[in-house]
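Report on the following structure.
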2 protein chains.
Amino acid sequence: MNKYPHSTRILVALDCIVFGFDGEELKLLLIKRNFEPEKGKWSLMGGFLEAEEDLEVAANRILYDLTGLKDIYFEEIKTFGKIGRDPVERTISICFFALINIHDHNQDQAKAQNAHWLNLKNRPSLIFDHNQMVDMALEQLRYKAALHPIGFELLPEKFTIPQLQKLYEAIYDTPLDRRNFSRKILSTKLLIDTGEKNQNSTTKKAILYQLDKEKYQSQFNAFHNFMSDAMI
Amino acid sequence: MNKYPHSTRILVALDCIVFGFDGEELKLLLIKRNFEPEKGKWSLMGGFLEAEEDLEVAANRILYDLTGLKDIYFEEIKTFGKIGRDPVERTISICFFALINIHDHNQDQAKAQNAHWLNLKNRPSLIFDHNQMVDMALEQLRYKAALHPIGFELLPEKFTIPQLQKLYEAIYDTPLDRRNFSRKILSTKLLIDTGEKNQNSTTKKAILYQLDKEKYQSQFNAFHNFMSDAMI
DNA sequence: AATAAATTGTGTTATATTTACACAATTTGA
DNA sequence: TCAAATTGTGTAAATATAACACAATTTATT
């Protein structure tokens with residue numbers, strides 16, 4: 001079966017950065033490792049690509065094992081392939097990030113993996129090159145969310161504009177003008193007024209919106225200007 | 001040395017889309033294969049990741065073998081990993097694109113690889129999933145060039161604004177307004193007037209500019225608006 | 001029942017950017 | 001000398017962005 005006889009076969013891993021949002025802060029779903037190597041330390045969720053498994057299928061498998069969710073939004077960041085990045089054995093790792101609604105995932109499945117939601121801002125140091133992976137994932141998230149409507153993936157189905165604004169403020173770690181933000185979002189016509197209002201409020205109840213999924217699909221690749229240049 | 005005993009090791013390839021520009025059209029440097037598999041057909045330049053080789057080093061090696069150039073601009077697109085994408089043996093391929101000045105590369109080295117510059121527009125069909133790789137590379141090039149000053153990588157050191165415009169028109173396959181394009185480019189302050197003029201012209205000789213490399217480095221991640229929304 | 005505090009929705013104006021154009025200058029060949 | 005092609009620069013209208021103000025809603029407090 002080895003038909004390219006002179007080439008070396010190498011372990012291929014996948015590592016996944018799972019972002020969540022609790023209404024105030026960006027969160028990461030991280031693994032407290034109860035297995036070797038680096039038992040006891042924090043790491044990303046990962047796994048090896050299997051012999052007869054499509055790469056995309058493997059990514060979905062790993063996300064499913066962690067969250068119990070299917071059809072999660074995810075995108076590849078890059079492949080990490082430095083010699084020695086995994087001290088156990090030469091391994092390259094295809095790194096990707098996923099966005100989920102923090103309340104949607106299966107708690108038992110996360111517990112089985114010993115996974116915990118930690119604040120992105122004061123996350124612990126991670127094993128191997130996982131810190132660098134998280135840095136690149138955040139950079140990529142900022143880049144993408146400034147131009148494309150992916151923030152919604154982190155929110156519940158129905159959400160208010162102030163909630164969306166808080167999300168963007170968390171992603172870019174910067175305050176935004178309420179009135180300009182609202183106008184910019186509404187001008188995309190991507191939001192549908194559900195007619196309902198957010199009942200979890202002790203002051204004026206904000207309008208609950210829903211994503212217009214058809215427009216979302218068709219406009220996804222168009223450029224929006226959600227952030228001017230605050231990001232990098 | 002196999003310390004993750006239960007996992008499968010897999011062949012890891014790299015495949016590279018090399019873009020060039022002849023002043024009129026976007027070009028690809030493609031291989032007319034004189035080796036198996038798929039001998040006689042067209043493909044991208046590629047190679048296998050070696051056992052003790054950094055991924056980045058491998059990409060540079062493959063580009064050097066093809067062009068004789070070092071420090072080429074390149075960026076990763078994504079990793080292709082479907083079962084059966086290489087009919088010989090399970091192989092994943094890390095796909096990236098590179099931008100070079102079409103007149104800079106070593107002709108002998110290209111000839112040794114049986115490489116030829118072909119027009120992007122009417123390129124032949126390629127082996128395996130290489131057609132899909134080219135499609136994604138073009139998409140990525142359009143995306144990136146709309147926001148970041150990477151087009152210069154395809155031009156000679158000294159170039160005119162009309163030449164730069166022709167490049168952008170080739171990338172996006174669309175005509176652009178001469179006056180607005182010029183203003184937009186000059187407003188970035190990335191160009192330095194060399195004081196020279198393009199002598200290869202039968203009418204008014206255009207000013208030759210040079211990239212301001214310091215500003216290029218520092219502004220690289222800033223958003224420019226080279227293209228409004230014509231792209232996708 | 002009236003009021004204060006917090007939050008949400010909408011509007012306005014000044015400034016900057018983008019778009020759609022027009023005209024003058026340069027260069028070569030007829 | 002003039003026509004044809006190309007390059008450089010300018011201008012006005014439309015659009016988008018940024019900075020700001022005010023009115024409405026809701027609950028808790030007096």
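Bear in mind that the values here come from a model prediction, so they are computed numbers and not experimental data. Here is the naming used below: chain letters follow the sequence lines, and residue numbers restart at 1 for every chain. The basis for the numbers below is simple: all heavy atoms, side chains too, and nothing from hydrogens, waters or symmetry mates.
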With 3.5 Å as the limit, what N/O pairs link the protein to nucleotides 2-6 of chain D?
residue : atom : partner  : partner atom : Å
D:dT6   : O4'  : B:Thr203 : OG1          : 3.0

Output a table of nitrogen or oxygen pairs between the protein and nucleotides 9-13 of chain D separated by less than 3.5 Å.
residue : atom : partner  : partner atom : Å
D:dG10  : O6   : B:Arg183 : NH2          : 3.4
D:dT11  : O4   : B:Arg183 : NH2          : 3.1

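B:Asn200 places its CG atom 20 Å from the P atom of C:dT26, with the value rounded to the nearest Å. Summarising the geometry, the separation between CG on A:Leu208 and P on C:dT8 is reported as 12 Å, rounded to the nearest angstrom. In this structure, the CG atom of B:Leu176 is 13 Å from the C1' atom of C:dT19, given to the nearest Å. Between the CD1 atom of B:Ile185 and the P atom of D:dG8 there is a distance of 13 Å, rounded to whole Å. If you take NZ of B:Lys205 and P of C:dA25, they are 19 Å apart, rounded to a whole angstrom. For the pair B:Gln199 CD and C:dT26 P, the computed distance is 15 Å after rounding to whole Å. Nucleotide C:dT8 holds its P atom 15 Å from the CG atom of A:Asp193, rounded to whole Å. Taking atom CZ on B:Phe181 and atom P on C:dA20, their separation rounds to 16 Å, with Å as the unit.
Using bins of under 30°, 30° to 60° and over 60° for the plane-to-plane angle, the ring pair A:His105/A:Trp117 lands in the perpendicular bin. Aromatic ring pairs are classed by plane angle as parallel below 30°, tilted from 30° to 60° and perpendicular above 60°; the pair A:Phe226 and A:Tyr168 is tilted. A:His116 and A:Trp42 have perpendicular rings, their planes meeting at more than 60° on a 0 to 90° scale where under 30° would count as parallel. Ring pair A:Phe74/A:Phe96 is tilted by interplanar angle, where 30° to 60° counts as tilted. Ring-plane geometry between A:Tyr73 and A:Phe220 is classed as tilted, the angle between the planes lying from 30 to 60 degrees on a 0 to 90 degree scale.
Side-chain contact check for A:Thr160 and A:Asn198: no donor-acceptor pair (N or O, by modelled atom type) lies under 3.5 Å. Side chains of B:Glu169 and B:Gln165: a donor on one and an acceptor on the other come within 3.5 Å.
Contact between the side-chain N/O atoms of A:Asn225 and the OP1/OP2 oxygens of D:dA16 is not found at any separation under 4.0 Å. Side-chain N/O atoms of A:Lys197 include none lying less than 4.0 angstrom from OP1 or OP2 on D:dT25.
Each of B:Leu155, B:Ile102, B:Leu99 was checked for a side chain to side chain contact (heavy atoms under 4.5 Å, CB included) with B:Phe21, and the lone residue meeting it is B:Leu155.
The existence of a salt bridge linking B:Lys78 and B:Asp135 is excluded, since no basic side-chain nitrogen approaches an acidic carboxylate oxygen closer than 4.0 Å.
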